[in-house]
Each structure stands twice: as structure tokens, then as C-alpha cells.
Amino acid sequence: MWMATLRVPYNARRFAWGGFALLLLALFLFPSQSQGLLQYLEGPIGQVVRIPLEAIASLDQGVSGLWQSYVALQGVQEENERLRQDMEWLRGQNNQLREAASATERLASLLQFKEQALPTLVAAQVIGRDATSWYRSVILNKGESDGIKPDMGVITPAGVVGRVVKTNSATSIVLLVTDPNNAIAGLIQRTRDEGIVEGTHQGLARLKYIPLLSSVREGDRVVTSGLVGGFPRGLALGTISRIDKEEGALFQSAELTPEVDVSRLEEVLVIQAPYGASAQSEGKSESVAKPKP
Amino acid sequence: MKFLLYAGLILLLVPLHTTVLPYVSLWGIKPDVGLVTSAVIGLMAGEVDGLIMGLAIGWVLNMYSAGDLWLSLVTKGGAGLSAGLLGRHVAQVTPMVLSVGVLALSLAGGLVAVFTMKSGTVSDAWWMVQSIVLPQSCFDAVAGAGLFWLVNQRMVIDRLRALDRF
């Protein structure tokens, strides 16, 4: 048994209450200033925290790599991993080709066709998951010092992973496509109807605001529309698994199975410039066509 | 010396939360060790230490979360402060008492989070309470009892008390 502490004098108690109240007041009355001050301090703190974080993440990856490579199905596992990566790459390529074919059909009649530049990508490693249970997000080992900024899109060769929501000097946080707080402009590949893709509480995604007259059906693929946010047009978001049409509603919505398995992310690509604009010319980033296996 | 111990604790909490705890999560819920640690420190070292450590833990953990900073500061800092103040009214702290206290603090923090979050409908909010807040609180209570048992080992308590002298 142990007795609770009674050492702190009454003044300290008043100081604690006063300090807490003052902090809350500052956060609510001057949110940008107080958060700006804290963000200024985040740089050096982030560099210090990065050391144990990356050490444990690499230990974690080493242990899981050891397990997967030697304990669980020695040679088969390795081959399976390589084939899966190839399959993801091919799936992404197939999706891009479909999109390109569809776009070519529509644009063939146009004389002034402007060629779309390739996006500028930066490869990053996933070193952790959200520190709380409230959000579905992952932590990347690259941050502001690598040119990553909030609102940049994050993908794998298979499709969209999510969006960068927070950065510090050494790391960045990516809100996954399955998080209910995320919203990405989507497009049904076959019907060309646009909508907004949001995450669901069940860990899937939902395409909202589909026009009532749309001929959408199960199995249709949804891709990014490229209208808003850090994604170019045509990146795979998911496949429609169920359509919800409520009586009296102005729009219909559809449940999506995300193209990327977000529970097994290891390496991702951050889109610095969706249409290869600025970053390439500045030479600040490395362009990555395909991640190394 | 105490500062170094607290700084080391914060440094350990980040990889613990982001890399290790996802492996012990149940239905996507993992214990909020940051909140539990703030509460235990508040109980052991008083409300000032609890508040300061709660705020520091809340701030650093928020750097690795998509959540709002103020919510993290309020829940962790509030837990440390409340634990310190409530601890004054408890003659003997047992794992059961600590579990109940952490359960209440985690429940309060979770409810604050639900009411301030963007949740579409009442059913969404209720879903969050059922699926996140309640299991999270239970998980935190168990983690609190475990952490208290660990800290309550005679050697550890004596060392922590000795640190106060420096």
C-alpha cells in the first residue's frame, strides 16, 4: 500500500490551476499565436524524439523482417513479397493505362492536346502509427527538411494512401484515406461522375454526392479527379462494393473498398508537385518512378 | 535528476505509442499510456508535476498524431492535474483505486474529444462512445493498474522519492 503525496503546498496548487487556466485561455483566445510558438519549438524537439523513434522503428522492422524472412515460410515468403510488389505496381500501371485510354477517347477529337507532366515524388518510409486511437494516420520518416508540406498527397504504386496533415522538421503525419476526417475529390472511372471520398468508421471509404441519375454500379473503380488537393487525375482510390440510394435524398453514395491495404504500409511516395511543376526545377527533391523492392 | 527522468520518459513514450502499442491494440484501440503516465505522476508527485508532465506529454505526443493540439493538452494536462488534486483525498492508493480514477479521467477526456470532433450525426457520436471511448477507458484503467504495480515495487518508489532530494 502506498499513500498519496501531500507534500505540495497550497500555493503550488493555486499555481497549477492558474497556469492551466492561463494556458487554456491563451489557446482559445490566441490559437494561431500560441500554436505558432509551440510549432517553433517542435523543430528541435522533433529532432531529439526522432532518434529513439527511428531506432525502435528500425528494430521493429528488423524483427518483423527476420520473422517474415526466416521463421515464417523462408523462401516462399520472400518470393511472395516480391510478386505482391510487382502485382501492386502492375495494378497501378493498369489503372493508369485505363485512365489514359479513357482520356484519349474523349480527347482524340481535340486538336490542342496538352501533355500531362509526371508528378514529382519523394519516397518515404512508414515509421509508426498515430499516437492516439482517434485517427487513422501513419508517421513518415521525412518532414519539412525534405520538402514535405501539409496537403501533399501520398500514394503507393497501387493507389492513394492519404494526405499529409502535419509536418515537423524530421517527420510528417499522413491522414489515411480510411479516416472519416479525410476528404479527397474522386471520379467514377466508367461514368465520369464526380464525388467526394471520405473514410468511414469501419475502416473503409465512401464516395459521397454521386448524382441521382448516375448509372454507377458495384465493381466500378473510383480514381482521383485531380480537381482539388495534391493528387493528379487518375490515381486509384478504390472499388465500389455497395451503393446506397436513400428515398428523397438529393444524391446517392457508395461504399468503397480502398485499393491500398493501409494496415500493411511500409514505403510510400509523397507527391510534391502533382503535375511536376516547381519542385523538379528547383532540384530539391528526387523523382521516383518506381520504389525499390 | 528528476528532469532527466521525466525527459527520458517522454522520449520513450513516443516510440511506445507509435510503434509498440499498435501491436497490442484490440479492435484498433490501444491504451493511452500518455494519459495514464500523467495521472500516475500527478498522484505520486503532486498536481504541479502532474500538470507540467501532462502538458509536455500531450504536446510531444500531438506532434505524432493528426489530432488537435488543444485537445491533447487539455486531456493529458487535465489528467495530471486532476489526479494530483484527487490524490489528496485518498489515504491509501491501491491499484483498484488508481484504475477507477484513470477510468474516470479517460472517460472524461474521451467524451470531451467526442463532443468537439466533427461527427456527422448523433449515431456517429454514439458509435464513437461505444467503440472508442468505453474500450479505451477500460484499457487505460488496466494499463494504469499495471503501471502502478510496476512503480509500486519498493525499489522504484524509494528511488523516485530519493530523486526529489536532488
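Predicted model only: the values in this text are computed from it and were never measured.
- A donor-acceptor pair under 3.5 Å is absent between the side-chain atoms of B:Ser38 and the main chain of B:Ala79, judged by distance alone.
- Distance check, rounded to the nearest 0.5 Å: CG of A:Leu235 to CD1 of A:Ile271 gives 5.5 Å.
- The choice from A:Pro52, A:Ser137, A:Ala57, A:Ser172 that makes the most heavy-atom pairs within less than 4.5 Å of chain B is A:Pro52.
- A salt bridge between A:Arg136 and A:Asp130 is absent, with no side-chain N of the basic residue lying under 4.0 Å from a carboxylate O of the acidic one.
- Contact annotation for A:Ile139: only side-chain heavy atoms (C-beta onward) come within less than 4.5 Å of a heavy atom of chain B.
- Contacts between A:Ile56 and chain B at a heavy-atom distance below 4.5 Å involve backbone atoms as well as side-chain atoms.
- Of the atoms belonging to B:Ile29, heavy atoms from both backbone and side chain fall under 4.5 Å from chain A.
- Partners of A:Pro150 by side chain to side chain contact (heavy atoms under 4.5 Å, CB included), not counting sequence neighbours, listed by chain and number: A:Thr167.
- Within residues 63-77 of chain B, the residues having any heavy atom under 4.5 Å from a heavy atom of chain A are, by residue number, B:Met63, B:Tyr64, B:Ser65, B:Ala66, B:Gly67, B:Asp68, B:Leu69, B:Trp70, B:Leu73, B:Val74, B:Gly77.
- Summarising the geometry, atom OG belonging to A:Ser169 is positioned 12.0 Å from atom CD1 belonging to A:Ile148; distances are rounded to the nearest 0.5 Å.
- Counting heavy-atom pairs closer than 4.5 Å to chain A, the top-ranked of the candidates B:Val60, B:Asn62, B:Leu13, B:Leu35 is B:Asn62.
- Partners of B:Trp126 by ring pair (Phe, Tyr, Trp, His ring centres under 6.0 Å), not counting sequence neighbours: none found.
- For B:Val33, no part lies near chain A; criterion is any non-hydrogen pair under 4.5 Å.
- Taking the salt bridge (Lys or Arg N to Asp or Glu O under 4.0 Å) definition, one finds that A:Asp244 meets it with A:Arg206, A:Arg242, sequence neighbours left out.
- In this structure, chain A has no heavy atom under 4.5 Å from any part of B:Val97.
- Salt bridge present: A:Glu198 and A:Lys208 bring a charged side-chain N and a carboxylate O closer than 4.0 Å.
- No part of A:Ile51 comes within reach of chain B, as not one of its non-hydrogen atoms sits under 4.5 angstrom from that chain.
- Remark: the backbone N or O of B:Trp127 is paired with a side-chain donor or acceptor of B:Ser131 at under 3.5 angstrom.
- Among the candidates A:Thr171, A:Leu175, A:Asp179, A:Val174, the residue making the largest number of heavy-atom pairs closer than 4.5 Å to chain B is A:Thr171.
- One distance of note links CZ of A:Arg129 with CD1 of A:Ile173; it measures 12.0 Å at 0.5 Å rounding.
- The CG atom of B:Leu16 sits 9.5 Å away from the NZ atom of B:Lys30 when rounded to the nearest 0.5 Å.
- In this structure, the portion of B:Leu51 lying under 4.5 Å from any heavy atom of chain A is its side chain and not its backbone.
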